[in-house]
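The basis for the numbers below is simple: all heavy atoms, side chains too, and nothing from hydrogens, waters or symmetry mates.
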Amino acid sequence: MKSTARRKAEPALPAIAPPREEIHDLHGNSGARIALHTGTRGSFVRKTAGSPAANARLLAQAAKQNELGRSGVVLPRVLISGYGEDRLAFFDMEYVAGRTVADAVVHDAPFDRNALGAALQRLLWLLASCRGEELPEAQFHGKIDDIARKAAQHEHCAPLMPQILTCTKRLNGCDWSGIPQSPCHGDLTLENIMLASQRGIVFIDCDDAWVSSFWLDVGKLFQDIAGHWCIRGLYEADAPAIRRAGAVQKLERMGADFRALAAAADPVLPVRLPQLAALGLFRALPYARTSSVAGFVCARIGAVLDGRP
């Protein structure tokens, strides 16, 4: 006999929202989009090519990051790489909490110089131990001329072309012989060295360089140390002069440490640092977004090559 009792209705379950993910755009100078993805399933950083033409370069950066990581360099681990629905290449990497060395210099924050020196010493030793044949001088002259041509195409560089051409002539007059080929980071600025809260010193944002040499990595460091690229914002008219003076002093103290590291990696390298730093600055010209930044670059190139502070 069937029961005629009415079945008690089950209480409605509350709706469960899907895991929420937030995306925060991060600053970058290369034209690629860099975004921090945060959510209940963890955090990661996604780097996406700025155009299809940049796909190959971006994927080469991911491959280099993995390769250097396997060699013992502390870098964010690449999690996945591929193409999005827009056919732009991307790769995801682990998120590293902390601040950059450049940010610490600009804001006069303390950090462990010994730990930074030890991490750089290990990196340069690994790179220098794989040195190969000398790079052709023509590659450097060709790059210098190409940068000048690209700068001439930017409206904000037009008023500065006399200064840019002077920089071009001076750089072409430098000795570009004897520079060894080797693996490299590709963009070893102080903006790409993290003071990580959990992992100590972490190198970020490898690049697929136009030529590969640890000499150019050291030159990138001195693009900041002598060329002041990482503190360019402190040269703006509204920046307090005392903050810039403090940052310059901090860079000078680091410079003494870094010159010793350069000499240990290659005894003939320190004397060539001014031209390598100036070349690093010159390469920033096509990415300068204003005439004031382009003017700063030209002025600092002259100061570096002349040995002025």
Side-chain angles (χ1 to χ4, degrees), residues 29 134-181 184 186-191 207 209-232 234-236 244 248 251-252 254-256 258-259 262-263 265-309:
N29 295 314
E134 293 182 8
L135 293 166
E137 293 180 67
Q139 286 188 286
F140 292 88
H141 293 295
K143 185 66 173 179
I144 292 163
D145 292 338
D146 183 55
I147 292 167
R149 284 191 294 269
K150 287 180 178 177
Q153 297 169 7
H154 291 272
E155 184 178 348
H156 56 267
C157 287
L160 295 161
M161 282 313 297
Q163 295 97 309
I164 291 172
L165 292 176
T166 296
C167 293
T168 305
K169 183 177 180 180
R170 293 195 68 179
L171 284 168
N172 270 325
C174 293
D175 177 12
W176 297 106
S177 66
I179 298 177
Q181 185 276 336
C184 71
D187 196 14
L188 192 62
T189 64
L190 298 185
E191 293 170 322
D207 198 3
W210 59 283
V211 291
S212 190
S213 175
F214 71 93
W215 275 40
L216 271 76
D217 276 348
V218 181
K220 276 283 188 176
L221 288 174
F222 279 85
Q223 172 185 321
D224 284 332
I225 296 295
H228 300 174
W229 174 251
C230 68
I231 62 169
R232 57 194 179 277
L234 297 181
Y235 277 81
E236 295 175 0
R244 185 174 74 196
V248 169
L251 290 173
E252 287 175 348
M254 292 168 62
F258 291 176
R259 284 185 180 87
D266 192 327
V268 301
L269 175 53
V271 73
R272 309 283 283 279
L273 286 176
Q275 70 189 72
L276 293 168
L279 178 59
L281 284 167
F282 196 60
R283 290 180 59 204
L285 268 178
Y287 303 100
R289 295 182 176 91
T290 64
S291 295
S292 62
V293 173
F296 164 83
V297 168
C298 291
R300 291 309 304 167
I301 287 173
V304 169
L305 291 177
D306 292 339
R308 292 183 279 111

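- Rounded to the nearest 0.5 Å, atoms CG (Leu171) and CD1 (Ile147) are 8.5 Å apart.
- Screening residues 216-231 for salt bridge (Lys or Arg N to Asp or Glu O under 4.0 Å) gives Asp187-Lys220 as the qualifying pairs, with residues at least two apart or on separate chains.
- Between Leu135 and Pro180, the shortest heavy-atom contact is CD1-O, 4.1 Å.
- Of all non-hydrogen atoms in Cys174 and Leu305, the two that sit nearest each other are SG-CD2, 4.5 Å.
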Just list the side-chain donor-acceptor pairs under 3.5 Å for residues 159-169, sequence neighbours left out, or say none.
{"residue": "Thr166", "atom": "OG1", "partner": "Pro162", "partner atom": "O", "Å": "3.0"}
{"residue": "Thr168", "atom": "OG1", "partner": "Ile164", "partner atom": "O", "Å": "2.8"}

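- Applying the side-chain contact (heavy atoms from CB on, under 4.5 Å) rule to Ala303 yields the partners Arg300, Arg308; only residues at least two apart in sequence or on another chain are considered.
- Residue Gly255 comes nearest to Ile225 through the heavy atom pair CA-CG2, 3.5 Å, listed as atom of the first residue, atom of the second, then distance.
- Judged as a ring-ring contact (aromatic ring centres under 6.0 Å, His included), and not counting sequence neighbours, the contacts of Phe140 are Trp176, Trp210.
- Residues satisfying the salt bridge (charged side-chain N to carboxylate O under 4.0 Å, His left out) test with Arg170, not counting sequence neighbours, are Asp306.
- Rounding to the nearest 0.5 angstrom, the gap separating the CH2 atom in Trp229 from the CZ atom in Arg283 is 12.0 Å.
- The side-chain contact (heavy atoms from CB on, under 4.5 Å) test with Arg259 singles out one residue from Leu273, Val218, Leu269, Leu221, and that residue is Leu273.
- Counting only heavy atoms from C-beta outward, the side chains of Val211 and Lys143 never approach each other to under 4.5 Å.
- For the atom pair CD (Gln223) and CG (Leu279), the distance works out to 9.0 Å, reported to the nearest 0.5 Å.
- Counting heavy atoms from C-beta outward, Leu251 and Leu190 have side chains that approach closer than 4.5 Å.
- Ser212 places no side-chain N or O within donor-acceptor distance of the main-chain N or O of Gln181, the cut-off being under 3.5 Å.
- Formation of a donor-acceptor pair under 3.5 Å by the Arg232 side chain with backbone atoms of Val297 is not found in this model.
- Screening residues 289-309 for ring-ring contact (aromatic ring centres under 6.0 Å, His included) gives Tyr235-Phe296 as the qualifying pairs, with residues at least two apart or on separate chains.
- One finds the CD atom of Glu236 at 8.5 Å from the CG atom of Leu234 (value rounded to the nearest 0.5 Å).
- Contact record, Pro274 with Val271: CD-O, 3.6 Å, taken as the closest heavy-atom pair.
- Every residue two or more places apart in sequence or in another chain that forms a side-chain contact (heavy atoms from CB on, under 4.5 Å) with Ala277 is listed here: Phe222, Val304.
- By the 4.5 Å heavy-atom criterion applied to side chains, Glu137 and Ile179 are not counted as neighbours.
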Identify all side-chain donor-acceptor contacts of residues 149-156 below 3.5 Å with residues at least two apart in sequence or on another chain.
{"residue": "Lys150", "atom": "NZ", "partner": "Asp146", "partner atom": "OD2", "Å": "3.4"}
{"residue": "His154", "atom": "NE2", "partner": "Pro286", "partner atom": "O", "Å": "3.4"}
{"residue": "His156", "atom": "NE2", "partner": "Ala288", "partner atom": "O", "Å": "2.3"}

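- With sequence neighbours excluded, the residues that form a side-chain hydrogen bond (donor to acceptor under 3.5 Å, both in side chains) with Asn172 are His141, Asp145.
- Side chain of Asp266 to main chain of Val268: a donor-acceptor pair is present (N/O by atom type, distance under 3.5 Å, no hydrogens or angles).
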